[in-house]
Amino acid sequence: MDGMAIRVIVAALLMVAAPALATGPRLTIGPVQGDPKLVIPTQLAEQLCGTWDCVLWKEVSTRQQPDLAKARRLGVGGILTGAVAGASGARKLSLSLLTTSTRPARTWSFPLTAAGRLPGSATRQLDQDLQALLRPPAPARPAEPAAAAAAVAPAATPSPAVAPPPPATAAPAPASRSAAPAERRWLVAAELGLFVSQRTLSYSGVSASTGTLLGFDAGGLAGPALSLEVQPLARSGSAALGGLGLRLGLAMSVGLETESLTGEKLPTQFTRLEVGARWRAPPISGLALVLIPEVAWVSQKLTVDPAIPGLPNSDLSGVRVGLSAEARVARRLTILAGLGWVKWLTAKELIDGDPAYFPGSGASGLEAEIGAGVAIWGPLSVRLLGTYASTRYTLDPDPTGTYAATGAEDRYLGMRAVLRGEF
């Protein structure tokens, strides 16, 4: 795939991401007093931030107090704050919605479950009430004033079961908790996209030998890239355990060929499979930054069929440890970065082949990526990342004298573009 194809992919991504520039109703989920484990803010973020455009609490607050001037500048129509009170087994949540003043425009009182969560009926009622308050229907024509008044009346009438709202100054939680609602918990995340890469295989310490080692330089590696992540405890209410998950990743080339010294083009296949575990840590206090340590088993192959003498196929498998980071820097923009180290336990055909090109030694790899994600609608986003991976070999001398080298480097440089959905 040449530079023109890469530009086409980038242009297509920008077209998909264009809806992200659209504006819409915005909502902020503030802190809830008496909920140190952030069960309620996390649940509200999960239930509401898929359909509402949510803005971080820290962006609409000053010294942990609601700042309505900031909210207006960011187009935030409402700020939800609350407090939990009552004995164990009979706890209630009081919620307040601030719109144009520090006096609540609406309040709610909901009983909590034994696990300290809102029942499904309460979240549905809350969403309906917010729709009526912040997304009122279009004004009726002048000929129908009675109908227009009836449409807005339910939103303006307080519920008879509502408890007195908590003081606006008492609701905010400590600063170290304020960013938690920004981390929306999901059960399943899937990615579908394309990768484009260039592979270069080179040797060091080459000396006279009876055989000739051939390098590899191909810029046409391209194909589908898929991944699936599962967080089975995401809705458990635990900020720590909720981030534990499993990940499966697969990438493979399409239409790749290798040109031999005779000019013959031979079918070539690249595949990479990852299976591992990861943990999305709770957001760092005061920042919309999430760190994601992970460990995975990796299998990576590049084979030319039939094999070319002097050009070893690559068949690697080993353990990868890594650390990724996601930093939300704007309402719809997230910066992504990752770094990983791989210990290859098998490294065919250079070391562990049958026969091997070299009798032994070892191989390890360094991998990195950096890019950005843009939210486009609800649970969907697009991600574009630059990728780099390098495997370095140390090679023992070949006693037969067929090949002579002390080391090798197998390097991949490219990009990955995916559509991601979090559900």
Side-chain angles (χ1 to χ4, degrees), residues 9-10 12-24 26-29 38 41-42 44-46 48-60 74-76 178-195 225-231 234 239 242-243 245 247 249 278-294 322-340 367-388 415-423:
I9 293 174
V10 173
L13 281 172
L14 292 175
M15 292 174 62
V16 174
L21 300 177
T23 60
R26 301 182 188 179
L27 180 71
T28 290
I29 299 173
L38 303 173
T42 301
L44 291 177
E46 291 170 354
L48 300 177
C49 293
T51 54
W52 290 85
D53 187 1
C54 290
V55 176
L56 292 174
W57 162 252
K58 70 183 182 101
E59 296 180 0
V60 298
L74 293 174
V76 174
S178 62
E183 170 65 355
R184 177 177 172 268
R185 292 296 190 186
W186 41 262
L187 291 173
V188 178
E191 292 183 355
L192 172 63
L194 297 172
F195 79 94
L226 317 171
S227 77
L228 179 68
E229 297 177 56
V230 180
Q231 294 182 151
R247 179 180 180 274
R278 53 173 44 192
W279 177 54
R280 295 181 65 88
I284 294 178
S285 61
L287 300 174
L289 174 65
V290 178
L291 299 180
I292 311 169
E294 59 184 325
L323 179 65
S324 301
E326 299 181 0
R328 185 177 176 185
V329 296
R331 185 168 53 89
R332 293 181 179 268
L333 179 64
T334 302
I335 300 300
L336 310 168
L339 184 66
E367 302 176 347
E369 64 179 14
I370 188 168
V374 178
I376 55 175
W377 175 79
L380 300 181
S381 64
V382 290
R383 294 185 169 191
L384 183 64
L385 301 107
T387 59
Y388 170 84
M415 60 178 286
R416 182 165 60 92
V418 299
L419 174 67
R420 180 180 175 89
E422 298 176 350
F423 309 95

*Would you check, one step at a time, whether the test side chain to side chain contact (heavy atoms under 4.5 Å, CB included) holds for Ile376 with Leu419?*
CA-CA 10 Å; Ile376 55 175; Leu419 174 67; 4.0 Å; yes
Euclidean distance, [Y] [atom2] relative to [X] [atom1], rounded to 0.5 Å:
X: Phe195; Y: Leu385; atom1: CZ; atom2: CG; answer: 14.5 Å
X: Glu367; Y: Tyr388; atom1: CD; atom2: OH; answer: 10.5 Å
X: Leu289; Y: Thr334; atom1: CG; atom2: OG1; answer: 11.0 Å
X: Ile29; Y: Leu48; atom1: CD1; atom2: CG; answer: 5.0 Å

Looking at [X] and [Y], what are the two nearest heavy atoms and their distance?
X: Gly373; Y: Leu336; value: N-CD1, 3.9 Å
X: Leu384; Y: Met415; value: CD1-CE, 3.2 Å
X: Val290; Y: Ala281; value: CG1-O, 3.4 Å
X: Leu339; Y: Ala368; value: CD1-CB, 4.0 Å
X: Trp186; Y: Phe423; value: CB-O, 3.4 Å
X: Glu59; Y: Leu74; value: O-CD1, 3.5 Å

*Between Arg420 and Glu422, does at least one N-O distance fall below 4.0 Å, as a salt bridge requires?*
yes
Quick one: does [X]'s side chain get under 4.5 Å of [Y]'s, heavy atoms only?
X: Leu228; Y: Val188; result: yes
X: Arg247; Y: Ser227; result: yes
X: Ser324; Y: Glu294; result: yes
X: Leu323; Y: Leu291; result: yes

*side chain to side chain contact (heavy atoms under 4.5 Å, CB included) between Val418 and Val382, intermediate numbers included*: CA-CA 6 Å; Val418 299; Val382 290; over 6 Å; no
*Please walk me through it: do Glu326 and Ile292 pass side chain to side chain contact (heavy atoms under 4.5 Å, CB included)?*
CA-CA 8 Å; Glu326 299 181 0; Ile292 311 169; 3.7 Å; yes
_Side-chain (Arg383) to main-chain (Gly371) donor-acceptor, under 3.5 angstrom_ = no
_Full working for side chain to side chain contact (heavy atoms under 4.5 Å, CB included) between Val60 and Val55_ = CA-CA 8 Å; Val60 298; Val55 176; 4.2 Å; yes
